[in-house]
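Have a look at the structure below, then the notes.
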Amino acid sequence: MMTVSTDRGGPPARARSVDLPLLAVTGGFIALFCAVAVIDMDTLSGLVDGAFALSARYFGLYWQVLLLATFLIGLAICLLPGARTRLGGAAAPDFPAFQWGAMIMCTLLAGGGVFWAAGEPIAHYMTTPPLFGDLSGQPEARAEAALAQSFLHWGFLAWAILGALGTVVLMHYHHDYGLPLAPRTLLYPVFGRHAIEGPLGIAADAFCIVSVVAGTVGPIGFLGLQMSYGLNALFGIPDSFATQAAVIVALVGIYSVSAVTGLSKGIRILSQFNVILVLCLLIFMLVAGPTAEIFGKFGGGFATYIGNFFGLALQRGEAGIFGAPGWLGWWTVFFWGWFIGYGPLMAVFIARISRGRSIRSIIIMLSIVAPVVTNFWFTIIGGAGIAFEQADPGVISGPFEGLDLPAGLLAITQAFPGGFALSIAFLVLTMAFVATTSDSMSYVIARAMSAGEPSGALRAGWGAAMGVMALILISLGSGSVGKLQSFIVVTAVPVSLVLLPTLWEAPRIVWSLGRRKGA
């Protein structure tokens with residue numbers, strides 16, 4: 001039985017340095033998943049597909065409401081006097097604003113900043129999302145609808161679920177009551193000490209960790225596939241498992257070195273490098289690319305997004321309440337499951353780097369600033385891709401056919417002036433993005449099962465484990481990595497229940513802090 005203690009007079013906190021039962025449960029499940037994949041991939045695929053379909057059908061509407069409510073409640077509590085409160089008991093933030101924002105932005109954007117920024121807008125341009133009906137013969141309306149749908153999936157709602165409310169709850173209970181900085185603390189308002197000690201807490205942490213592993217191994221595997229494809233197209237290096245494995249081993253080496261250097265060095269330095277490279281690429285693409293069309297498409301797409309905000313957020317189409325979700329399941333519900341799966345541990349990460357920040361600044365950064373920046377980045381890559389496709393039909397859609405993300409990205413970058421150099425820069429950016437996310441997630445996984453700061457060895461161990469898992473899966477074929485991505489939607493079912501108490505607990509905390517200040 002786990003023992004707990006606290007020196008703050010509040011609820012108990014874990015005293016063990018490493019939670020061995022949690023380590024055994026999560027490590028055992030991941031090993032079992034890989035073993036089943038190696039032994040009988042067809043059976044595993046069938047199980048994942050069936051569970052995915054059930055999750056999307058019966059939880060899709062709940063997830064849509066959960067994300068919308070998280071965003072709206074977060075904005076509402078920014079208006080309360082208690083939102084001015086600085087969390088963590090620090091008079092000033094631990095990290096300057098640029099470093100803080102860079103670490104937050106780059107942790108999520110590994111999967112979307114490159115893989116989907118190029119692919120999703122052109123996919124929706126070629127096949128208009130159901131909400132907008134038939135827009136054939138209206139290329140500009142199709143472009144705006146495509147970007148609006150992409151903005152939904154990578155905008156306000158997606159970012160809000162990654163910590164707008166969860167961070168507030170975790171920081172309050174961790175710094176004011178000494179509770180662990182782990183997903184189980186989100187259940188404390190409902191279950192009290194039973195959420196911190198015993199099987200309920202282990203289960204909550206385990207589901208969240210497995211979900212994040214699934215969501216992170218996917219980008220690691222896709223990085224190997226994309227880099228191998230790009231190196232073959234640009235330099236003629238064989239697009240083989242050996243190349244893919246070499247890329248993943250190099251990636252693991254980068255973020256393992258980062259892991260042992262500590263949070264204030266490794267992740268911070270990687271994040272700053274990412275942001276500087278992104279800014280350089282952004283300026284180049286704006287100047288060298290279709291500048292007017294990029295700004296025009298961003299304005300039109302964003303206006304369409306805001307004008308159809310609630311319709312996009314709550315659309316069900318033919319799915320109804322519990323119908324087969326179809327298009328919705330493979331797009332919106334898939335993304336919502338992915339972001340929900342990351343939600344608790346992203347909140348742990350943001351809580352760790354946000355000491356000294358006000359509640360209002362945390363929510364505005366996550367719910368407003370990060371989404372708008374992400375949407376503009378999507379327009380620069382994906383919007384430019386649409387512009388190139390409109391000028392020369394087939395130049396982007398041809399290579400992209402069949403949702404080939406690496407080919408689509410390469411087609412877009414090579415359509416710019418200096419396309420060869422730009423393509424190389426994007427390969428470097430992709431590597432750096434995925435390294436940052438892998439390092440950050442290795443940290444929060446280790447942090448969730450440690451009392452206090454996790455050791456570098458534990459962080460590096462989780463990072464290596466995710467790299468090995470990616471190697472195993474891509475050796476079985478690219479579809480194996482896709483199955484793991486689908487699995488995160490299954491794990492999002494219990495994880496979404498862990499996030500549910502934040503809807504009422506975060507407002508209660510902010511209201512209480514405001515009343516305390518007033519008194």
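What you are looking at is a predicted structure, and each value in this text was computed from that prediction instead of being measured. Along the sequence shown, residues are numbered consecutively beginning with 1.
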Out of curiosity, [X] [atom1] to [Y] [atom2], how far, rounded to the nearest 0.5 Å?
X      : Y      : atom1 : atom2 : answer
Leu499 : Ile161 : CG    : CD1   : 5.0 Å
Met469 : Ile474 : CE    : CD1   : 13.0 Å
Met171 : Thr85  : CE    : OG1   : 11.5 Å
Trp462 : Thr26  : CH2   : OG1   : 3.5 Å
Met431 : Ile248 : CE    : CD1   : 9.5 Å
Cys208 : Ile445 : SG    : CD1   : 11.0 Å

Main-chain N/O of [Y] paired to [X] side chain as donor or acceptor, under 3.5 Å:
X      : Y      : value
Arg86  : Arg357 : no
Tyr173 : Leu181 : no
Arg360 : Ala83  : no
Thr374 : Ala370 : yes
Ser496 : Val493 : yes
Gln226 : Pro406 : no
Thr167 : Ala164 : no
Ser450 : Arg447 : no

inquiry  = Classify the ring geometry of Trp154 against Phe335: parallel below 30°, tilted from 30° to 60°, perpendicular beyond 60°.
reply    =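 Aromatic pair Trp154/Phe335 classed perpendicular.
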
ask   = What class does the angle between the rings of Phe295 and Phe376 fall in, given that below 30° is parallel, 30 to 60° is tilted and above 60° is perpendicular?
value = tilted

message = My understanding is that only one of Trp338, Phe29, Phe334 makes a ring pair (Phe, Tyr, Trp, His ring centres under 6.0 Å) with Phe487; could you say which?
response =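 Exactly one option meets the ring pair (Phe, Tyr, Trp, His ring centres under 6.0 Å) with Phe487, and it is Phe29.
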
With side chains defined as the heavy atoms from C-beta onward, is the minimum distance between [X] and [Y] less than 4.5 Å?
X      : Y      : answer
Leu500 : Trp504 : yes
Pro507 : Ile73  : yes
Trp63  : Val489 : yes

query = So which heavy atom on Val275 is nearest to which on Ala102, and how close?
reply =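 Closest pair (atom of Val275, atom of Ala102, distance): CG2-CB, 3.5 Å.
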
key: Nearest non-hydrogen partners of Gly356 and Pro93, listed with the distance   = O-CG, 3.8 Å

If we count only N and O atoms by modelled type, under 3.5 Å, do the side chains of [X] and [Y] hold a donor and an acceptor together?
X      : Y      : answer
Ser358 : Ser361 : yes
Trp159 : Ser367 : no
Tyr188 : Arg193 : no
Tyr342 : Thr216 : yes

task = Decide yes or no on side chain to side chain donor-acceptor pair (under 3.5 Å) for His174 and Thr185, but give the supporting numbers first.
result = CA-CA 8 Å; His174 176 65; Thr185 296; over 6 Å; no

ask   = Do NZ/NE/NH1/NH2 and the carboxylate oxygens of Arg459 and Asp439 come within less than 4.0 Å?
value = yes

inquiry  = Check this for me, if you would: do Glu197 and Arg184 make a salt bridge, where the nitrogen-to-carboxylate-oxygen distance has to be below 4.0 angstrom?
reply    = no

query = Is the gap between the ring centers of Phe151 and Phe309 under 6.0 Å?
reply =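 Ring centroids of Phe151 and Phe309 are no less than 6.0 Å from each other.
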
ask   = For the rings on His172 and Tyr177, is their centre-to-centre separation under 6.0 Å?
value = yes

ask   = Counting heavy atoms not belonging to Phe71, are there more than 12 under 6.0 Å from its CZ?
value =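 Counting neighbours around CZ of Phe71, more than 12 heavy atoms of other residues, nucleotides or ligands fall under 6.0 Å, so yes.
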
